[in-house]
Amino acid sequence: IAAGSVIPFEVLSQLAEGAKRIGVLRMDVDRLGLLFAEGLAKRPSGSRGLARFLALSRRMDFFFASCLEDVCGEVSREYLEHSSAGIADSVDGAVYVAYAGGDAVFLVCPWDLSARLAMSIQERFNQYVCGNPAVTISGGCFVCKPKYPLRKAAEEAGDVERASKERGRQRMTMFGVTAPWASTNGEMS
């Protein structure tokens with residue numbers, strides 16, 4: 001595999017320990033519409049204008065369009081360093097960012113990296129918002145064979161993500177299990 005080349009999902013799945021599957025991970029900010037409508041704290045009514053709306057929107061987009069790349073890179077490098085797959089040395093990364101921006105992310109990676117990646121994103125996001133309990137994130141991961149249609153996998157991951165939100169938000173769902181994030185270290189409770 002040439003440096004910098006696109007890795008087929010079949011090759012990505014070969015990095016996984018155990019079952020050769022990929023994880024399709026979707027995450028987004030909880031109650032973002034409410035944050036935009038009401039703000040983060042009580043303010044005089046005149047301070048809820050367009051400038052605050054735009055500032056919050058830009059900050060969310062900055063995390064998902066910029067900071068997320070650092071998280072994915074760090075987690076991917078660590079994963080590849082400890083991988084027993086014979087191809088780990090021939091790939092540049094183990095995470096595909098299919099979409100990241102606004103308040104959401106859609107990623108593809110080896111299935112056994114999915115939970116660790118989601119927890120790292122949640123932990124970094126929590127740090128980014130200074131632990132503000134009003135600004136949280138939920139996620140869901142769908143695990144499938146590498147030839148499963150990506151559009152269908154994205155829909156399935158969206159359904160799994162919605163399950164996290166329906167069960168209380170600030171949660172992760174994978175393999176039919178929904179668990180809240182731990183408050184301090186990004187591990188699931």
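- Nearest heavy atom pair, residue Y79 against residue R116, reads CD1-NH1, 3.8 Å.
- Smallest separation of non-hydrogen atoms from A94 and L15: CB-CD1, 4.1 Å.
- What you find for M60 and L32 is that their closest heavy atoms are CG-CD1, 4.1 Å.
- By the rule that hydrophobic residues join a cluster once side-chain heavy atoms approach within less than 4.5 Å of another member, Y99 and V71 end up as members of one cluster.
- Hydrophobic clustering (ILVMFWY, side-chain heavy atoms < 4.5 Å, transitive): Y148 and F9 are in distinct clusters.
- Note: T178 OG1 to E161 CD = 11.5 Å, rounded to the nearest 0.5 Å.
- Proximity of M27 to L107: side-chain heavy atoms (C-beta onward) are nowhere separated by under 4.5 Å.
- Counting only residues at least two apart or on different chains, the salt bridge (Lys or Arg N to Asp or Glu O under 4.0 Å) pairs with a member in residues 53-74 are E74-R124.
- Here the CE atom belonging to M119 is positioned 8.5 Å from the CE atom belonging to M172, to the nearest 0.5 angstrom.
- The aromatic rings of F175 and W111 stand perpendicular to each other, their planes meeting at an angle above 60°, with 30° marking the opposite boundary.
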Please list every donor-acceptor pair under 3.5 Å in which a side-chain atom of residues 137-144 meets a protein atom from a residue at least two apart or in another chain.
unit_1	atom_1	unit_2	atom_2	d
S138	OG	D30	OD1	2.7
S138	OG	D30	OD2	3.1
S138	OG	Q170	N	2.8

Checklist entry - Is there a side chain to side chain contact (heavy atoms under 4.5 Å, CB included) between L150 and V108 once you walk through the steps? => result CA-CA 9 Å; L150 187 57; V108 180; 4.0 Å; yes
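- Under the 3.5 Å distance criterion, with hydrogens and angles disregarded, a donor-acceptor pair is assigned to the side chains of T173 and S164.
- Contact of the L68 side chain with the I121 side chain is registered, since non-hydrogen atoms from C-beta on lie closer than 4.5 Å.
- Closest of all the heavy-atom pairs between S114 and L25 is O-CD2, 4.1 Å.
- With a 4.5 Å cut-off between side-chain heavy atoms of Ile, Leu, Val, Met, Phe, Trp and Tyr, the cluster of V160 takes in none.
- Interatomic distance, CD1 of I22 versus OH of Y96, reported as 10.5 Å (0.5 Å rounding).
- By the 4.5 Å heavy-atom criterion applied to side chains, V129 and F63 are not counted as neighbours.
- Looking at D112, its side chain does come within 3.5 Å of a backbone N or O of E17 through a donor-acceptor pair.
- To the nearest 0.5 Å, atom CD1 of residue I7 and atom CG of residue L12 are 6.0 Å apart.
- Rounding to the nearest 0.5 angstrom, the gap separating the OG atom in S76 from the CG atom in L113 is 6.5 Å.
- Residue R26 holds its CZ atom at 11.0 Å from CD of E156, rounded to the nearest 0.5 Å.
- When all heavy atoms of V24 and A153 are compared, the closest pair comes out as CG2-CB, 3.8 Å.
- Between F125 and F64, the ring planes are tilted. Angles from 30° to 60° get that label.
- Nearest approach of A19 to A16, heavy atoms of both residues: O-CB, 3.6 Å.
- R171 places none of its side-chain heavy atoms less than 4.5 Å from the side chain of T136.
- Salt bridge status for E166 with R162: absent, with no side-chain N to carboxylate O gap under 4.0 Å.
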